[in-house]
Peer 1: 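Handing you this structure, nothing more for now.
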Amino acid sequence: MALEDAELNAPQAQAVAHVKGPLLVFAGAGSGKTRVITYRVANLVACERVPPYRILAVTFTNKAAGEMRHRLEGLLGEDVAKDLWVGTFHATCAKLLRRHGEAIGLPKSFVIYDTQDQKAVVTRVLRELDLDERRYPPRTALARIHAEKQEGRGPDEMETGSYLDEAVVKIFARYEEHLKSAGAVDFEDLIGRVVKLLEDPALPEGDTIRRRFEHVLVDEFQDTNAMQYRLLRALAKDHKNLCVVGDDDQSIYRWRGADVRNIRGFKKDFPDAEVVKLEQNYRSTARIVKSALAVIAPSRERVPKDLWTANPEGDAIEVVAARDEHDEAALVTRQIREAREAGTSLREIAVFYRVHAQSRVLEEALRVANLPYQIVGGTKFYERAEVKDALAYLRVLVNPRSDVDLLRIVNTPPRGIGATTIERLVAFAGARRIPVHDAIDRVDEVDDLGAAPKKKLAALRDLLARLRTQAEHDAPSIVLVDLLDATGYREALRTEDSAEADARLENLAELVGSIHDYEAEARAAGETPALTAFLERVSLQSDIDQMKDEARVTMMTVHGAKGLEFERVFLTGMEEEMFPYRGMEPGGDEEMEEERRLAYVAITRARRRLVMTHTSTRQIFGTTRWGRPSRFIRDLPAESIVQRATHAAAIPAERFIDRASSSRGLAPMPWTRSRQTDASRSSWRPERPEPSPSPPPSGVKAGERYVDRDFFDDSGAHGAMDDEGSIRRGARVLHNRFGEGEVRRVETANLGEPAVVAFFPGWGEKKVLARFLKLA
DNA sequence: TGCCACGCCCTTTTT
DNA sequence: GGGCGTGGCA
């Protein structure tokens, strides 16, 4: 029976299983946080006889939700687990709104606007209000709107101080109008609308929802924002069975409204809450745990916790200086290869970076070295233009009022409906405050349109009507396939016959595949596949959810790594201004605190081996940055680390000699360990490089610094990589359609994928994506 | 109207 | 480095 499972008897899980009422669990990194929640849920069902459909467990990512569900299936059996409500904040709210949204005027077929869609709305609003896009960048306005909505304020409740604020209020108000008219919601609305349902005493639905859940459990509670917390409190208002699990040291989403005070002040809102601290780390070696603690310790405001581990000391953490990002990538690649040869599975290896922009060079190096990898995040599949186009068609079929979607496809593929026509149509719709689709229905009334455009618009209207009829009875995948043909979308790409078009067709095929997957899952769950459900799933899915458990190296941002763990972790770009990252605006102490917590998260992902790399120079965003080692490196305990430099970093290029002290002949490595004062620790001011002491002769002992020229003799690294038997200039290659050819140039296609220009006899020069080629 | 080329802009993290 | 918008040209 479930309760005999060894996992259920783990001490940390037992500690909280039977507590009633509000419960706060501080779960340190690697202390078995998810286990706490799953055990508690299992216990509620198995021992307390709580019906599974009356338990709600909320997470932040679909992946976390999926994992939790999976574990619960193991503990309780699929039959029982399927009735549990396990999902992300957003997915859970979407589900509730599908059921009860009509009470607050939300149509059943509402669509969810993602960031791109929201930006399109704001851009349109700016035009309508005749505001200059330069003075009021959509991004900024949108950021402001979200910040307000995350606090639960509408345009009327906004506090205004400046002239800019006044404009934002107008934009905000109009933005909301557009969403309402389109039958659309943004991410904030999903939460906000459910809060509205729950808090409005005039609505019976609030009580219905409240009564439905007897127990509410929340994972990663430190990342909740004001509205999410309000939602939780509203849900648990009557029974107070609210169990929150989190770690304030791992709060890394302040920028998106997360408020650490929710977890730090939980006890104030729920004075009778039981508080449990889980401080034993089961995941990492002692050296890794100590290093993580050393990095988080200087944090100014944290709930005191003593993370400890009974695990062995483990290997020293390697801190490696590289010359530049290519040198860094070569080093990482080399170490990954060695790890694989030593028997570590690639699925147990991860490469982290602070920002996506760092991934390209690393990716290139892994690809050339023939090391399989997956990149999590970055340009997302569902955000690719052709995929968005296809989804826009589907969404228009479901909800014709969605202007963003309609305007996206009105002339895609080109069907002779030009900018002028669209402008007049939109003006007509705007003046009457009706959706654009309705304006097309009444196209004859649009006086300033000529006969030809009217005819074309009418043709589009009829096409969409036909497709809509079909969508009512056919399966979503069939609708999509037919739609791509009926609209001429696929044909347009075929005719284009370029590498990019091939890739787009490929992506569309993948989209059809993902609908098939969805349909299979829906049928397995006993549901009829529906377009709305598929679209909702797409809107709420992130790349981290797509992560496959395959034998390949995982590359991701540190944010993406939260909640995951790997045997071996490479933490790259550990330079001041890269990590801690410094964006356009200077950033305050709060942000520095968050960077520190982010570093803590990164370090605690590693089970056994951790390598940190930093470079002297780095090309990023088109310019060169000179970086000094990150302050987080200097916080590491000397006895837990070993420092090295690559060969290239040890013999710096001439241009550095003036900057560093050339007499020593070493790359600048100003990393004498010293405890910083509080003032300099939390400030973004560039610190003075400390003078490097002369390098000591070295063995491989922790705490020492040395340059191992034999080990890191990668001076020929780039040349070596070219010999890996990969596609390069002059190589003979095979293509499905064009046959055998010779590579003329290697380049990066617009889609960010490696592409080559090759000469194929009988076809001439063709640009093709590298993945469609084999070596001849 | 549609295509292409140029130039300008920005540049974190994500449900 | 790259995405996007604009402007000129067919």
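In what follows, chains are A, B, ... by sequence order, proteins preceding strands, each numbered from 1. The analysis underlying the following values was restricted to heavy atoms, covering all of them including side chains, and did not include hydrogens, waters or symmetry mates. Note that the structure is predicted; figures quoted are calculated from it, not measured.
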Peer 1: How many whole angstroms separate atom CD of A/Gln116 from atom P of C/dC4?
Peer 2: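 In whole Å, C/dC4 P and A/Gln116 CD are 7 Å from each other.
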Peer 1: CE of A/Met556 versus P of B/dT14: gap in Å, rounded?
Peer 2: 10 Å
Peer 1: Distance check needed: B/dT14 P versus A/Ile252 CD1, whole Å only.
Peer 2: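 Distance, rounded to whole Å: 9 Å.
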Peer 1: Kindly write out the residues that satisfy ring-ring contact (aromatic ring centres under 6.0 Å, His included) with A/Tyr229, not counting sequence neighbours, or none if the list is empty.
Peer 2: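 In terms of ring-ring contact (aromatic ring centres under 6.0 Å, His included), with neighbours along the sequence ignored, A/Tyr229 is linked to A/Phe221.
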Peer 1: At less than 4.0 Å, is any side-chain N or O atom of A/Arg582 found next to OP1 or OP2 of B/dT12? Yes or no.
Peer 2: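 Checking B/dT12 against A/Arg582, no side-chain N or O comes under 4.0 Å of OP1 or OP2.
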Peer 1: Just how far, in rounded Å, is P of B/dT12 from CD of A/Glu577?
Peer 2: 15 Å
Peer 1: Should A/His146 be listed as having a side-chain N or O under 4.0 Å from OP1 or OP2 of B/dT14?
Peer 2: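 A/His146 to B/dT14 OP1/OP2: no side-chain N or O under 4.0 Å.
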Peer 1: Are OP1 or OP2 of B/dT14 and a side-chain N or O of A/Thr557 less than 4.0 angstrom apart?
Peer 2: yes
Peer 1: Would you mind reporting whether A/Ile171 and A/Val122 have side-chain heavy atoms less than 4.5 Å apart?
Peer 2: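 When only atoms from C-beta onward are counted, A/Ile171 and A/Val122 do touch, with a gap below 4.5 Å.
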Peer 1: Without decimals, in angstroms, what is the distance between A/Lys149 NZ and B/dT15 P?
Peer 2: 18 Å
Peer 1: Closest to the A/Arg354 side chain: B/dT12, C/dG2, B/dT15?
Peer 2: B/dT12
Peer 1: Please give, in whole Å, the distance from B/dT12 P to A/Arg625 CZ?
Peer 2: 10 Å
Peer 1: Less than 6.0 Å separating the ring centroids of A/Phe579 and A/Phe632?
Peer 2: yes
Peer 1: Assign A/Phe187 to base, sugar-phosphate, or nothing according to its heavy-atom contacts below 4.0 angstrom with the strands shown.
Peer 2: base
Peer 1: Output yes when at least one side-chain N/O atom of A/Arg256 is less than 4.0 Å from OP1 or OP2 of B/dT12, else no.
Peer 2: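 A/Arg256 to B/dT12 OP1/OP2: no side-chain N or O under 4.0 Å.
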Peer 1: Is there aromatic stacking of A/Trp255 on B/dT13 here, judged by a ring-centre distance under 5.5 Å and a plane angle under 30°?
Peer 2: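 Base of B/dT13: stacked against A/Trp255.
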Peer 1: Taking side chain as C-beta onward, heavy atoms only, is A/Trp85 less than 4.5 Å from A/Leu96?
Peer 2: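 In contact.
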Peer 1: Quick check: do A/Met227 and A/Val195 have side-chain heavy atoms less than 4.5 Å from each other?
Peer 2: yes
Peer 1: In whole angstrom, give me the gap between the C1' atoms of C/dC4 and B/dT13.
Peer 2: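 Result for the C1' pair: 23 Å, nearest Å.
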Peer 1: Applying salt bridge (charged side-chain N to carboxylate O under 4.0 Å, His left out) as the test, list every pair that has at least one member in residues 136-150 of chain A; sequence neighbours left out.
Peer 2: A/Arg144-A/Glu148, A/Arg144-A/Asp165, A/Glu148-A/Arg153, A/Lys149-A/Glu176, A/Lys149-A/Asp186, A/Lys149-A/Asp189
Peer 1: Mind checking A/Tyr253 for me? I need base, sugar-phosphate or nothing, with any heavy atom below 4.0 Å counting as a touch.
Peer 2: sugar-phosphate
Peer 1: Can you confirm whether or not the ring centre of A/Tyr253 sits under 6.0 Å from the ring centre of A/His559?
Peer 2: yes
Peer 1: Are there any protein N/O atoms within less than 3.5 Å of an N/O atom in nucleotides 1-6 of chain B, and if so, which ones and at what distance?
Peer 2:
{"from": "B/dT1", "atom 1": "OP1", "to": "A/Thr421", "atom 2": "OG1", "distance (Å)": "3.4"}
{"from": "B/dT1", "atom 1": "OP2", "to": "A/Thr420", "atom 2": "OG1", "distance (Å)": "3.4"}
{"from": "B/dG2", "atom 1": "OP1", "to": "A/Gly416", "atom 2": "N", "distance (Å)": "2.9"}
{"from": "B/dG2", "atom 1": "OP2", "to": "A/Asn411", "atom 2": "ND2", "distance (Å)": "3.4"}

Peer 1: In whole angstrom, what separates A/Glu536's CD from B/dT15's C1'?
Peer 2: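 So the two atoms are 13 Å apart, to the nearest Å.
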Peer 1: Name the orientation class of the two ring planes belonging to A/Tyr518 and A/Phe534 (parallel below 30°, tilted from 30 to 60°, perpendicular beyond 60°).
Peer 2: tilted
Peer 1: Expressed in angstrom and rounded to an integer, what is the separation of A/His559 atom NE2 from B/dT14 atom P?
Peer 2: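 In whole Å, B/dT14 P lies 7 Å from A/His559 NE2.
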Peer 1: Out of B/dT12, C/dG2, B/dT15, which nucleotide sits closest to the side chain of A/Thr115?
Peer 2: B/dT15
Peer 1: Using the C1' atom in both, what is the distance from B/dT12 to C/dG5, to the nearest Å?
Peer 2: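 Per the computed distance, 24 Å lies between those C1' atoms.
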